[in-house]
*Asks:* 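Pasting a structure here, questions to come.
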Amino acid sequence: MAATETQGRSLDVASLDSRHWLGVVAALVSAAVHLLLGVRLAPSGLGISFILAGLGFLGGIALVVIGIRRRLVCAVGVPFTLSQILLWYYVNFAAGPKSFPADVGTLGAVDKAAQLILLAVLVALLR
């Protein structure tokens, strides 16, 4: 069964193609990294911002899977994801003490790879 009822909304996974699923996986990876870092850094402002970003990725996934305004979600996802990449670079390297790419770290590399994949998927879905 491709669609199931969830509080008056139905999951619309039958209409998701491989690009959608790649985007979902990439967004899940980025959400997990952000939530992990957010919990580690809470209750600081930076920790809260990580948690909010992680919840933003999860919210986008939920909207896509439910089938609510997918094109709009993709359009909003592009600047959201791009801002995550640019803020990460600015905070850690441009205005921070680290050296790029030597000090990227495993979580940073995994997260940014997932976000670059997500960005490519979002742009492809908007075409």
*Asks:* Quickly, which of T81, V25, L22 forms a side chain to side chain contact (heavy atoms under 4.5 Å, CB included) with I117? Name it, please.
*Replies:*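 For I117, the side chain to side chain contact (heavy atoms under 4.5 Å, CB included) check succeeds only for L22.
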*Asks:* Can a donor-acceptor pair be found, under 3.5 Å and without considering hydrogens, that links the side chain of S83 to the backbone of F80?
*Replies:* yes
*Asks:* Write down the atom of S30, the atom of A114, and the distance for their closest heavy-atom approach.
*Replies:* N-CB, 4.4 Å
*Asks:* Test of understanding: with side chain to side chain contact (heavy atoms under 4.5 Å, CB included), list the residues that count as partners of L41, not counting sequence neighbours.
*Replies:*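 Counting only residues at least two positions away or on another chain, L41 forms a side chain to side chain contact (heavy atoms under 4.5 Å, CB included) with S44, L46, F50.
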*Asks:* Is the closest side-chain heavy-atom distance between L82 and L119 below 4.5 Å?
*Replies:*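 Result yes, sub-4.5 Å side-chain heavy-atom pair found.
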*Asks:* Looking only at non-hydrogen atoms, find the nearest pair between K112 and Q84 and report the distance.
*Replies:*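 Looking at all heavy atoms of both residues, the shortest contact is NZ-O, 3.6 Å.
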*Asks:* Who are the side chain to side chain contact (heavy atoms under 4.5 Å, CB included) partners of L116, not counting sequence neighbours?
*Replies:*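 I85.
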*Asks:* Under 4.5 Å between side-chain heavy atoms, counting indirect links through other Ile/Leu/Val/Met/Phe/Trp/Tyr residues: same cluster for Y90 and V104 or not?
*Replies:*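 Looking at the clustering, V104 is in a separate group from Y90.
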*Asks:* Are L87 and I51 grouped together when hydrophobic residues (ILVMFWY) are joined by side-chain heavy atoms under 4.5 angstrom apart?
*Replies:*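 No, L87 and I51 fall in different hydrophobic clusters.
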*Asks:* For V123 and V78: C-alpha separation, side-chain torsions, deciding distance, then whether side-chain contact (heavy atoms from CB on, under 4.5 Å) applies.
*Replies:* CA-CA 7 Å; V123 169; V78 170; 4.3 Å; yes
*Asks:* With sequence neighbours left out, write down each residue that passes ring pair (Phe, Tyr, Trp, His ring centres under 6.0 Å) with W88, or none if nothing qualifies.
*Replies:*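 In terms of ring pair (Phe, Tyr, Trp, His ring centres under 6.0 Å), with neighbours along the sequence ignored, W88 is linked to F93.
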*Asks:* Cluster question for you: counting only ILVMFWY and a side-chain heavy-atom cut-off of under 4.5 Å, with indirect links fine, are W21 and L11 together?
*Replies:* yes
*Asks:* How close do A31 and G54 get, counting heavy atoms only, and between which atoms?
*Replies:*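 Scanning both residues completely, I find the closest heavy atoms to be CB-O, 3.6 Å.
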*Asks:* Could you list the residues that satisfy salt bridge (charged side-chain N to carboxylate O under 4.0 Å, His left out) with R19, not counting sequence neighbours?
*Replies:*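 Once residues adjacent in sequence are excluded, the partners of R19 under the salt bridge (charged side-chain N to carboxylate O under 4.0 Å, His left out) criterion are D17.
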*Asks:* If hydrophobic clusters are built by linking Ile, Leu, Val, Met, Phe, Trp and Tyr wherever their side-chain heavy atoms come under 4.5 Å apart, do V73 and V13 end up in the same one?
*Replies:*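 Linked within one cluster.
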*Asks:* Side chains of L37 and D111: does their closest heavy-atom pair fall under 4.5 Å?
*Replies:*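 Of all side-chain heavy-atom pairs linking D111 with L37, none is under 4.5 Å.
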*Asks:* Do the non-hydrogen side-chain atoms of I61 and L28 ever get within less than 4.5 Å of each other?
*Replies:*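 Yes. Closest side-chain heavy atoms under 4.5 Å.
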*Asks:* Please, which pairs that meet side-chain hydrogen bond (donor to acceptor under 3.5 Å, both in side chains) have at least one residue in residues 52-74, sequence neighbours excluded?
*Replies:* S15-R70
*Asks:* Among L63, L122, V121, whose side chain to side chain contact (heavy atoms under 4.5 Å, CB included) with C74 holds?
*Replies:* L122
*Asks:* I'd like to check D12 versus V65 (side-chain heavy atoms, cut-off strictly below 4.5 Å). Are they in contact?
*Replies:*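 D12 vs V65: side chains apart.
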*Asks:* Could you see if V33 belongs to whatever hydrophobic cluster contains L52? Use Ile, Leu, Val, Met, Phe, Trp, Tyr and a side-chain cutoff under 4.5 Å.
*Replies:* no
*Asks:* Quick one: are F57 and V29 in side-chain contact, heavy atoms under 4.5 Å?
*Replies:* no
*Asks:* Output all residues satisfying side chain to side chain contact (heavy atoms under 4.5 Å, CB included) with A102, sequence neighbours left out; order by chain, then residue number.
*Replies:*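 A102 satisfies side chain to side chain contact (heavy atoms under 4.5 Å, CB included) with S99 only.
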